[in-house]
Structures are given as structure tokens and as C-alpha cells.
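Structure first, then comments.
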Amino acid sequence: MNNVAVIIPARFQSSRFPGKPLAKILGKEMIIRVAKICQKAAGKKNVFIATDNLKIKKICLKFNLNVIMTNSNCTTGTDRVFLASKKIKAKTIINVQGDEPMIKINDILKIIQSKKKNPNSVVCGYSSIDPVEAKSVNIPKVVINQNNQLIYMSRSLIPGAKKNSIKRNFFKQVCIYAFNKKELKKFYNFKKKYSRNELAEDIEILRFLELNIPIKMVKVSGSSIAVDIKSDIKRVEKKLKR
């Protein structure tokens, strides 16, 4: 794992849920839960928290986590991951979102293995989702081709159907990404603040499509629940108690 590092971007001022990384789930801060899972997948020395917030840094250091301080003006978590990646030697960077407290070790390992097999593609996780949950604008839905490459990702209900009789399967993004440093640099150096579709959808991975960088989608377990808003905390706690 010497050439692989996991970076967890942690921003305190989330627009939908301020202070989200430090929100407690069954008594433990969410960012700590995520980091401990990542350490089991990649090793303690290979997991880093990238943040601009001193409160987050203090909590992470209390649990002996590696912390890299970054600028406060990062427009996305991936921009923050790029800045942090400049301070470590690993060639492959795994971005695990800090709001995935139920993420599975094996899912992280699947993304790492896929990146090794697809060095010239960004890699991202996805899983099945039921039609009711798919209607939520808080959940990015993905459409992939027969080669498991991303065609598009949207907060709208996709794929569409002209006739109601057509059966559709829906898939959601699971926020584990893999990049090399060249891909991250292209993302960060994009001439505009956001790409057009990225701005409309508020989905940062779409910037890679604008840059003509292919995105390989890897199916992972569907048990993870991303915490987008405060009410998701209760959903996660209920499932963990089971």
C-alpha cells in the first residue's frame, strides 16, 4: 500500500449541514468513524484528513490521525484532496468522503484494485437504489454504459423513460474515488471555478467528464448511507444499532 494514500476531505462549513464532520454518531464524531474504517483498508500511516478547520484538526489529533491543513477557499472536496496530495508521496490517491460513516473496508479495496487495472481512468463507486429513494435530490444518480464507464450523473431521476411501462434500474453514487496525481492536477487547474454541468448539478466528479477524463464505475455494496442532512444521522444510527 506504499503507493496508495486515502485522503478524507473535511470541511466544517457545509452549506446543507454546518459542522458535519464533527457530528456525533452513537457518541463518536463522524470523521473519526470514517477514518478508522479507512485505516483498516489502507493502513494507519496511509490515511490523512485534509481540512481547513482547527476544531476538526484538534479532534483528529486526539485520535492520532494524520492531518494536513489546506486553504479555506477550496471550491470542492476534490480540490482540497489535490492540495493535500502535494504533501504526500503516494502516486494513487483515494478520496473517501467524510460523510460515509458506514462505508465498507472491502468497497475501499475494490476501488483501489480497479484503479490499478485502470490507471488512465478516474474510478468511482456506485450501488443500486430503490425507486422511492432515487427521487431525492440529495442523492446523485448515475448512468453507465456497457463498459461500466460513467455517461452522466445527476440529482434528477435518471435514466428517464418515455413510457411508464419501461422498467428502469436506478443506481446511486458511493463517494469513494481513485485518481492519480495528474488527474487531480487537471481537475484543480480547470480554467473556470466550476464546469457548467458541475455547477448545475452540484456534483464535482462531472468536472472530469468536461476534461474528457474517463470515469470507471465500480459496483460496491449498497449498505452505506451518506450523511447529507441532519436527519440522515438518525437513519445511520438506527442501522448501526441493528
Side-chain angles (χ1 to χ4, degrees), residues 4-12 14-42 46-51 56 59-60 63 65-66 76-78 80-81 84 93-115 122-130 133-134 136-142 150 153 155 171-179 202-205 215 217-242:
V4 178
V6 175
I7 299 178
I8 306 169
R11 179 170 66 108
F12 191 85
S14 169
S15 57
R16 289 191 293 267
F17 189 171
K20 181 164 68 170
L22 299 183
K24 289 190 176 182
I25 297 174
L26 297 180
K28 184 183 287 186
E29 291 84 356
M30 181 159 54
I31 189 69
I32 305 303
R33 284 187 173 275
V34 176
K36 293 297 183 182
I37 296 167
C38 291
Q39 286 181 344
K40 291 177 182 178
N46 299 317
V47 176
F48 301 84
I49 311 298
T51 187
I56 293 174
I59 291 293
C60 290
F63 286 88
L65 299 174
N66 302 313
T76 71
T78 305
R80 193 177 305 283
V81 166
I93 306 298
I94 310 301
N95 176 355
V96 175
Q97 299 294 80
D99 59 5
E100 293 271 0
M102 296 183 65
I103 208 152
K104 301 296 183 186
I105 297 168
N106 285 340
D107 290 343
I108 298 171
L109 294 174
K110 281 181 78 171
I111 297 296
I112 292 172
Q113 291 303 316
S114 181
K115 183 59 177 172
V122 167
V123 177
C124 182
Y126 79 99
S127 67
S128 301
I129 187 174
D130 67 70
E133 197 175 3
S136 171
V137 294
N138 292 320
I139 299 174
K141 274 71 66 177
V142 306
L150 180 68
M153 191 179 296
R155 295 185 182 276
F171 302 100
K172 69 174 180 177
Q173 177 192 30
V174 177
C175 293
I176 319 171
Y177 315 100
F179 328 94
D202 190 23
I203 300 174
E204 62 206 67
I205 200 170
I215 301 169
M217 302 300 295
V218 177
K219 194 166 189 180
V220 295
S221 62
S223 58
S224 180
I225 299 175
V227 176
D228 292 303
I229 53 179
K230 280 188 177 181
S231 60
D232 290 331
I233 294 285
K234 290 184 178 179
R235 293 176 60 218
V236 170
E237 289 183 329
K238 186 177 180 181
K239 198 162 186 178
L240 285 173
K241 285 178 181 177
R242 289 177 189 168

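Quick caveat, the model's predicted, so the values are computed rather than measured.
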Fill in: Ion pair Lys110/Asp107, N-O distance below 4.0 Å
no
Close side-chain approach of [X] and [Y], heavy atoms under 4.5 Å:
| X | Y | value |
| --- | --- | --- |
| Cys124 | Met217 | yes |
| Ile108 | Lys40 | no |
| Asn46 | Val6 | no |

State the [atom1]-[atom2] distance between [X] and [Y], to the nearest 0.5 angstrom.
| X | Y | atom1 | atom2 | answer |
| --- | --- | --- | --- | --- |
| Ile205 | Met153 | CD1 | CE | 5.0 Å |
| Lys172 | Lys141 | NZ | NZ | 11.0 Å |
| Lys28 | Leu240 | NZ | CG | 10.5 Å |
| Glu237 | Leu26 | CD | CG | 4.5 Å |
| Ser231 | Asn138 | OG | CG | 8.0 Å |
| Leu22 | Ile32 | CG | CD1 | 8.0 Å |

Discussion item. If we check side-chain contact (heavy atoms from CB on, under 4.5 Å) with Ile8, which of these qualifies: Ile49, Thr51, Val81?
Written reply: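 Answer after filtering Ile49, Thr51, Val81: Ile49.
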Discussion item. Atom NZ of residue position Lys239 - does it have more than 12 heavy atoms of other residues, nucleotides or ligands inside 6.0 Å?
Written reply: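 Count over threshold, so yes.
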Practice prompt. Give the minimum heavy-atom separation between Glu204 and Gly77, together with the two atoms involved.
Written response: OE2-N, 3.6 Å
Worksheet item: Can you name the closest pair of heavy atoms from Val220 and Ser127 and give their distance?
Response: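 Closest pair (atom of Val220, atom of Ser127, distance): O-CB, 3.5 Å.
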Please report, to 0.1 Å, the donor-acceptor pairs under 3.5 Å made by any side chain of residues 93-106, with sequence neighbours excluded.
{"from": "Asp99", "atom 1": "OD2", "to": "Lys20", "atom 2": "NZ", "distance (Å)": "3.0"}
{"from": "Glu100", "atom 1": "OE1", "to": "Ser224", "atom 2": "OG", "distance (Å)": "2.3"}

Discussion item. Treating Glu29 as the side-chain partner and Ile59 as the backbone partner, does any N or O pair qualify as donor plus acceptor under 3.5 Å?
Written reply: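 No: the side chain of Glu29 does not pair with the backbone of Ile59.
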